[in-house]
Amino acid sequence: MEEFDLDNITPEMVLENMKKNGEIDEESYTEVKFQFEDIEDVGVLNDYQIFEKAYKNNRIHKCVEMVLKIALENSNNLKKCMLRSNCLKNPMGMKYTETDYKKTMQIMINAFKKAEEMKFENQIVSQIGEMLLYTHCFYHNSQTNTQKLEMNTFSQYSLSKQLRMICIFIQDQSRLMKEELYKSRKKSFRTGMEMNIANRPVDHFPQEKISFSDNYEGMLEYFNTIIHFVYYSKKKDLKKNDIGEHGDIHPFGIPEFEQLTYIAQQRRMYELLEEKFRYGEWGVELVHNQNNQNVYLFKPERKDKFKSHITASIRREYQYKSNITRYANFQKVERAMVAVEKLALQIEIDNIEKFKVDRRLYKEATEVVSSLITVYRDLTKKYYFQCKFDGITVDDLINMYEFLYTYSQIYMESASKHFNQDDYTTYKYIVPVVSLEYLLNEFVLLYGYERNLAKKLLDNFVYHEHLKKEEGDIFSRPLLKVNKSQVLLCESLIEQINIERNVEQWLKKYDVDLTPVGYQFEDKLRKKLGSINGIEVNTNKFTFNAYDGKDVEFDFIGTFDDYLLLFEFKSVLIPYDESEVLKREGVIKEGVEQIKRRCEIVKYDWDKIRENVNISLPEKTYPEDRIIKLVCTNVYDFTTLVIDGIMITDESTLLKYFTDPFVAIYSKESRMTEVLSAEFLWKDGKPSVSEFVAYLKKPVTIGQITECLEDEIKTIPAFEDDYLIAFEDVCLSKDPFRETINQKRQIIKGKKIYPNDPCPCGSGKKYKNVVENNII
């Protein structure tokens with residue numbers, strides 16, 4: 001027995017000596033050693049870090065102990081805590097192994113049993129059960145999906161062939177959608193939302209419905225997923241200088257390509273559901289379908305939040321399309337199409353790089369995209385145009401966008417003259433391979449840019465092998481790289497570029513400080529609201545030490561009739577996925593907490609507030625029911641939600657009521673304006689509190705969108721041996737804007753109103769001062 005200095009002996013030393021002398025086995029030694037570490041970790045590591053450490057060391061019992069501890073401290077939010085801390089890992093992750101699966105399942109099963117034995121609240125037991133189901137179904141189906149993807153012989157083609165076939169398929173689907181859109185133009189009037197109505201049966205699930213638009217956008221999402229995998233598996237091809245001959249390439253009649261589309265669709269739908277479960281407050285339960293089969297059904301826990309995001313996307317779509325119509329100059333567009341046709345005749349379809357664009361005709365041809373650019377400039381934040389980094393400005397990016405869009409339109413006009421949908425040998429023309437050098441040279445000649453700057457600009461639109469998720473996808477980078485020097489020119493991918501998303505990804509990539517955007521947003525709203533009769537707005541900036549010992553500053557404080565207005569303004573980026581929605585929601589919740597604190601300050605520090613503002617306030621503070629509390633943001637995704645009793649709205653909705661209370665729906669089908677509807681939001685000729693509060697709950701900016709959303713259960717395509725997974729969704733069953741117009745036009749049917757005539761809304765204004773307003 002080793003002798004110890006009794007004054008300096010530690011438990012660890014005793015333990016090591018017992019192991020050395022064979023007095024304790026390896027398993028017992030390891031467990032006791034970990035218990036010593038646990039004592040040291042108290043106060044140093046948080047619960048999640050302790051769980052992760054135990055998980056790494058395969059200490060199942062300790063992991064179960066921590067799950068239950070977290071559950072007791074967060075009974076309503078156990079699932080959320082485990083997911084967002086990444087203690088519960090994504091079972092579809094690239095690095096997720098079978099060992100991870102077995103370990104996680106053992107932890108959750110043991111935690112479930114222990115929670116039942118200890119009679120934990122039902123909501124805790126239920127949440128552990130959901131995490132168990134989530135891990136089980138996604139891991140199993142992810143494995144079978146990956147195996148099918150790896151076994152699919154389409155992957156044996158070269159990188160360039162796979163990408164080109166995918167793009168040819170996308171281009172052809174775009175053509176079919178445009179043909180359908182053309183048919184819809186024969187209707188009596190159009191809202192621009194015809195392609196968004198879910199009226200087509202879903203492949204393999206005819207009882208479910210989908211819109212042309214959702215089907216096409218979903219397809220792009222699926223292929224975006226598969227393209228990422230293709231780049232990962234065929235990255236060696238990118239080092240080549242050429243791609244070889246593709247011949248009369250097309251994807252049709254190839255079974256493995258058809259199977260690939262279903263594998264990609266399945267994978268993307270799994271990814272979207274996993275994101276919703278992790279970030280979007282979704283749940284899962286095991287149910288039975290009509291055939292008595294087990295189905296893992298995912299559904300939103302808060303339907304109002306889910307629908308608010310769907311409504312926001314519809315509003316953005318309608319705003320975009322209506323503004324394009326509003327800004328379009330049909331005469332210029334007609335001249336542009338003539339220029340496009342003339343330029344298209346100069347292209348040699350089998351050798352397009354011999355084509356040199358005529359500057360004069362090109363300038364006219366750019367009108368095909370001018371209304372899109374005008375809409376973007378009108379809707380985007382002005383501060384973006386002041387930003388410059390790495391030598392690039394937003395205006396520079398817009399010029400490259402204009403070039404790619406216009407050039408692709410010219411090329412497709414030429415390709416259409418050689419294309420025959422019944423002749424597969426002609427499909428190769430709709431997606432050509434072009435060199436980056438050629439595109440660069442043409443851009444430099446047309447726009448006069450220095451080459452290095454032009455190269456940086458072009459690279460912002462190239463999808464390449466090193467691209468990170470946050471840096472872009474095919475929706476913002478449509479030029480798919482097929483080797484060191486060439487890309488695919490796919491007109492439909494270029495046409496659907498989300499320039500706003502492209503710019504915001506660019507801003508995030510370079511970590512641009514967007515704080516000034518928030519200040520400009522606050523100032524604009526404060527000034528506009530301050531110009532309304534009946535509303536007094538404080539314009540003094542002030543800070544004081546409040547009753548709780550902390551400084552406070554009021555973004556917006558004002559009065560409206562005998563009510564106090566406490567508003568908080570939050571400027572955020574548009575969220576495009578569930579993780580981004582969660583981040584934006586976090587910012588809005590900060591605003592909610594600020595409003596709640598200011599309400600308390602109004603209660604306890606009223607005299608200090610009165611001393612600092614430059615508006616008239618009563619001596620006694622306002623009671624709670626006389627305070628209008630509002631968080632206003634610049635995105636639509638949270639409008640009409642109520643968080644802790646505080647209403648959420650957006651800039652457009654807020655200003656519509658106070659500064660733009662006229663709603664006119666009119667037709668431009670003929671030279672004379674036909675009024676379909678006209679309404680004045682202020683029933684008594686001036687804004688009122690009761691009217692305003694009612695308006696916030698159901699604003700005209702949303703109209704009938706929510707009434708036209710229909711609940712639906714959608715099933716993810718399943719292969720043999722897959723578990724059935726379904727989810728609750730909503731679809732746009734009717735055109736909300738057509739519904740509104742159909743109702744309103746019954747009131748004023750066929751009435752011709754001249755610009756100087758009184759508006760039928762009863763406002764007393766001339767019609768020309770009202771008709772340009774729209775409902776968004």
Side-chain angles (χ1 to χ4, degrees), residues 192 312-313 315-333 335-336 362-389 391-409 443 446-449 453-454 456-458 460-461 472 475-478 494-510 512 514 516-521 523-525 527-528 571-574 576 633-636 650-652 655-656 659-660 701 772-776:
S313 65
R315 285 181 66 190
R316 280 193 285 268
E317 178 93 3
Y318 179 72
Q319 181 184 42
Y320 175 74
K321 289 179 178 178
S322 61
N323 279 334
I324 286 176
T325 301
R326 183 177 169 193
Y327 287 120
N329 183 316
F330 296 109
Q331 290 181 334
K332 286 185 177 180
V333 171
R335 288 199 298 270
Y362 174 81
K363 186 65 178 174
E364 291 183 12
T366 58
E367 287 295 331
V368 296
V369 70
S370 65
S371 58
L372 301 181
I373 291 173
T374 301
V375 168
Y376 170 72
R377 286 185 177 280
D378 185 57
L379 296 178
T380 199
K381 302 171 182 68
K382 305 311 174 196
Y383 176 73
Y384 289 0
F385 292 94
Q386 301 170 24
C387 298
K388 183 175 183 178
F389 34 87
I392 300 173
T393 67
V394 172
D395 285 313
D396 294 330
L397 283 176
I398 289 175
N399 284 338
M400 180 58 75
Y401 166 69
E402 179 183 73
F403 166 70
L404 292 174
Y405 191 105
T406 306
Y407 185 92
S408 66
Q409 293 292 314
F443 178 74
L446 291 168
Y447 289 83
Y449 274 80
L453 178 56
K456 286 182 187 178
L457 291 173
L458 186 59
N460 274 281
F461 293 87
F475 296 97
S476 55
R477 292 174 174 264
I494 292 171
E495 193 173 51
Q496 59 76 50
I497 288 176
N498 186 331
I499 188 65
E500 186 169 35
R501 189 176 186 182
N502 188 293
V503 168
E504 291 188 347
Q505 285 172 338
W506 178 63
L507 293 169
K508 285 189 287 186
K509 176 183 176 181
Y510 289 98
V512 177
L514 298 179
V517 175
Y519 292 142
Q520 291 176 7
F521 180 58
D523 290 341
K524 178 176 71 172
L525 290 180
K527 288 175 182 176
K528 289 200 173 185
S571 176
V572 297
L573 300 178
I574 294 173
Y576 290 102
T633 184
N634 60 319
V635 296
Y636 301 153
D650 63 84
E651 170 191 10
S652 175
L655 293 181
K656 184 68 186 173
T659 68
D660 186 17
T701 52
E772 290 303 319
N773 296 307
N774 54 56
I775 67 173
I776 295 297

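All residue numbers refer to positions in the sequence shown, counting from 1. What you are looking at is a predicted structure, and each value in this text was computed from that prediction instead of being measured.
- When every heavy atom of Leu397 is checked against every heavy atom of Leu457, the shortest pair comes out as N-CD2, 3.9 Å.
- Here the side chains of Tyr320 and Glu317 are not in contact, with every heavy-atom distance at 4.5 Å or above.
- At least one side-chain heavy atom of Leu573 sits under 4.5 Å from a side-chain heavy atom of Leu514.
- Using a 4.5 Å cut-off on side-chain heavy atoms (C-beta onward), Glu504 and Glu500 make contact.
- Side-chain contact between Ser652 and Arg315 is present, with at least one heavy-atom pair separated by less than 4.5 Å.
- Of the N and O atoms on the side chains of Tyr447 and Glu402, at least one donor lies less than 3.5 Å from an acceptor on the other residue.
- Counting only heavy atoms from C-beta outward, the side chains of Tyr384 and Val512 never approach each other to under 4.5 Å.
- The side-chain heavy atoms of Leu372 and Ile324, taken from C-beta on, include a pair separated by under 4.5 Å.
- Asp396 and Lys456 are not joined by a salt bridge, as no carboxylate oxygen comes within less than 4.0 angstrom of a charged side-chain nitrogen.
- Listed here is the closest heavy atom pair of Trp506 and Thr393: CH2-C, 3.5 Å.
- Within a 6.0 Å sphere centred on OH of Tyr519, other residues, nucleotides and ligands contribute 12 heavy atoms or fewer.
- Heavy atoms of other residues, nucleotides or ligands lying less than 6.0 angstrom from NZ of Lys321 number more than 12.
- Between Asp650 and Val635, the shortest heavy-atom distance links the atoms CB-O, 3.3 Å.
- Atom NZ of Lys527 has 12 or fewer neighbouring heavy atoms from other residues, nucleotides or ligands inside a 6.0 Å radius.
- Using a 4.5 Å heavy-atom cutoff, the side chains of Leu458 and Phe443 are not in contact.
- For the side-chain hydrogen bond (donor to acceptor under 3.5 Å, both in side chains) test, residues two or more places apart in sequence or in another chain that qualify with Thr380 are Tyr376.
- Asp378 places no side-chain N or O within donor-acceptor distance of the main-chain N or O of Thr374, the cut-off being under 3.5 Å.
- For the pair Asn502 (side chain) and Arg477 (backbone), a donor-acceptor distance under 3.5 Å is absent.
- The residue from Ile497, Asn498, Val503 that alone fulfils the side chain to side chain contact (heavy atoms under 4.5 Å, CB included) condition with Arg501 is Asn498.
- When all heavy atoms are compared, the tightest approach of Lys381 to Ser571 is CE-OG, 3.8 Å.
- In this structure, Thr406 contributes its side chain and Phe403 its backbone to no donor-acceptor pair below 3.5 Å.
- Contact annotation: the side chain of Gln386 never approaches that of Pro516 to less than 4.5 Å [non-hydrogen atoms, C-beta and beyond].
- Minimum interatomic distance between Ala336 and Glu367 (heavy atoms only, all atoms of both residues): CB-CB, 3.6 Å.
- Note on Asp395 versus Lys388: no salt bridge recorded, every NZ/NE/NH1/NH2 to OD/OE distance being 4.0 Å or above.
- In summary, the side chains of Asn399 and Tyr449 do present a donor paired with an acceptor at a separation below 3.5 Å, with no hydrogens or angles considered.
- Other residues, nucleotides and ligands contribute only 12 or fewer heavy atoms inside 6.0 Å of the CD atom of Gln331.
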